[in-house]
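Report on one structure; see the data block that follows.
Throughout, residue positions are numbered sequentially from 1 according to the sequence presented. Atoms within each ligand, like the ligands themselves, are counted from 1 in listed order.
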Amino acid sequence: MTPAPPALDPTRVRVAPEVAAALAAGRPVVALESTIISHGLPRPDNRVIAGHIEDAVRGEGAVPATIAVVGGVVHVGLDDAALAVIADDDGVVKVSRRDLATIVARGGHGATTVAATAHVAALAGIGVFATGGLGGVHRGAAETWDESADLTTLADTAITVVSAGVKSILDVPATLERLETLNVAVVGFGTDRFPGFYLRDGGHPVEWRVDDPAEVAAVMAARRALAIDAALLVVNPLPEDRQVDPALHDRVLVEGLAAAEAAGVRGKDVTPFLLAHFHEATGGESLRANVEIILANAALAARIAVADADDGADGR
Ligand code: PSU
Ligand code: MN
């Protein structure tokens with residue numbers, strides 16, 4: 001179980017009452033990111049799916065805490081009005097960790113990436129976080145230097161993150177190398193292979209395998225005892241029969257990379273551009289997989305948070 005949350009300035013960070021009560025009582029809480037709602041999923045489904053993600057956490061006995069910035073206040077746990085802003089407002093900015101303070105100072109709306117969400121979750125004392133796919137090293141990064149701040153944030157943020165690996169829109173082997181360099185531990189949940197988001201097997205091995213949430217909780221407890229302040233990444237693949245057809249995947253990937261290049265897309269617009277291309281070019285098949293992934297990750301994160309809270313109750 002995570003240590004008692006620190007006191008926060010409520011004019012800048014507002015922890016929803018249900019989340020605050022759960023944290024104070026040592027009950028399981030799962031943080032959720034909001035960039036997937038604003039920039040990763042199409043309207044109007046995005047708002048409905050956001051609700052389903054929270055339901056998936058509740059279904060396993062944990063409290064969901066979706067994180068976003070609304071009117072310059074970082075929200076840890078969104079009410080309906082705040083969710084409506086993040087899902088539907090055209091003024092919502094994609095906010096990484098470096099942007100957080102600026103958007104707060106300006107009083108703006110922001111959807112948090114994995115980096116920003118992990119930072120806020122750790123600040124609020126939340127130990128487990130679910131996302132779909134992590135950012136990583138982009139193809140061509142040796143020239144563009146385009147590497148997601150998700151990686152360096154996970155290097156110095158003590159949190160357990162559940163993701164379906166990274167998408168093949170990225171340079172997957174380079175991302176794995178960076179995770180190693182940055183001291184981010186990776187464990188495969190029910191797999192020895194690093195998942196490729198839409199694909200069960202992203203083409204590379206994972207060194208450590210776990211098969212049970214209690215095993216993850218045991219690793220979390222050991223990490224606390226050893227004061228390891230980097231993230232633990234739990235990679236959770238789609239079942240084989242739920243993945244996107246690999247041939248379709250490979251074709252759409254090549255087209256999407258070429259389209260991004262032709263359109264001159266750069267910087268933080270690259271990921272949303274490629275995600276939108278996938279959703280369109282697969283006729284909704286990638287969206288189907290994306291939704292299944294985030295629901296599965298939310299449920300697994302909740303089971304891990306429950307196992308971790310049980311450990312805490314045993315005094316570990
Ligand atoms: N990768 C995905 N889906 C996503 C994202 C990444 O497969 O929705 C989002 C996440 O919020 C992630 C962010 O933290 O994009 C990374 O963006 P960038 O590469 O600009 O750091
Ligand atoms: Mn980038």
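By the side-chain hydrogen bond (donor to acceptor under 3.5 Å, both in side chains) test, Asp90 is found to be paired with Arg43, residues two or more places apart in sequence or in another chain being considered.
Among protein heavy atoms, atom 1 (N) of ligand 1 sits closest to Gly133 O, 3.5 Å.
Atoms of ligand 1 lying under 4.0 Å from any heavy atom of Lys94, numbered from 1 in the order shown and given with element: 17 (O), 18 (P), 20 (O). Contact atoms of ligand 1 toward Ser148: 16 (C), 18 (P), 19 (O), 21 (O) (distance under 4.0 Å to a heavy atom of the residue). Within the listing of ligand 1, atoms 11 (O) sit less than 4.0 angstrom from a heavy atom of Thr35. Taking a cut-off of under 4.0 Å to the non-hydrogen atoms of Glu33, the atoms of ligand 1 that pass are 10 (C), 11 (O). Against a heavy-atom cut-off of under 4.0 Å, Lys167 is close to the following atoms of ligand 1: 2 (C), 3 (N), 7 (O). Interface of His138 with ligand 1, defined as ligand atoms under 4.0 Å from a residue heavy atom, comprises 19 (O).
None of Ile304, Val162, Ile293 except one satisfies the side-chain contact (heavy atoms from CB on, under 4.5 Å) rule with Asn236; the exception is Val162.
Using a 4.5 Å heavy-atom threshold, the side chains of Leu23 and Ile126 count as touching. With contacts defined as side-chain heavy-atom distances shorter than 4.5 Å, the pair Phe129/Val30 does not qualify. Side-chain contact between Thr271 and His138 is present, with at least one heavy-atom pair separated by less than 4.5 Å. Residues Leu151 and Val137 meet the side-chain proximity criterion, which asks for heavy atoms closer than 4.5 Å.
The distance criterion of under 3.5 Å between nitrogen or oxygen atoms is met by Asp150 with respect to ligand 1.
Counting heavy atoms closer than 4.0 Å to ligand 1, residue Val114 contributes atoms from both its backbone and its side chain. For Thr271, every heavy-atom contact with ligand 1 shorter than 4.0 Å involves the side chain, none the backbone. Heavy atoms of Leu275 found under 4.0 angstrom from ligand 1 belong exclusively to the side chain.
Near-neighbour remark for the Mn ion (ligand 2): protein N, O or S atoms under 2.8 Å are Asp146 OD1; waters not counted.
Using a 4.0 Å cut-off between charged side-chain N and carboxylate O, Asp99 and Arg106 make no salt bridge. Using a cutoff of 4.0 Å between basic side-chain nitrogens and carboxylate oxygens, Asp308 and Arg224 are scored as salt-bridged.
Residue contacts with ligand 1 leave out His39, since none of its heavy atoms falls under 4.0 Å from the ligand.
Neither side chain, His119 nor Thr153, offers a donor N or O lying under 3.5 Å from an acceptor on the other. With no hydrogens or angles considered, no side-chain donor-acceptor pair links Ser163 and Thr131 at under 3.5 Å. Remark: the Glu33 side chain and the Thr113 side chain contain no N/O donor-acceptor pair separated by less than 3.5 Å.
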- Begin with the C-alpha distance, continue with both residues' side-chain angles, and end with the deciding distance and a verdict on salt bridge (Lys or Arg N to Asp or Glu O under 4.0 Å) for Asp211 and Arg209. CA-CA 7 Å; Asp211 288 286; Arg209 174 183 177 136; 3.1 Å; yes

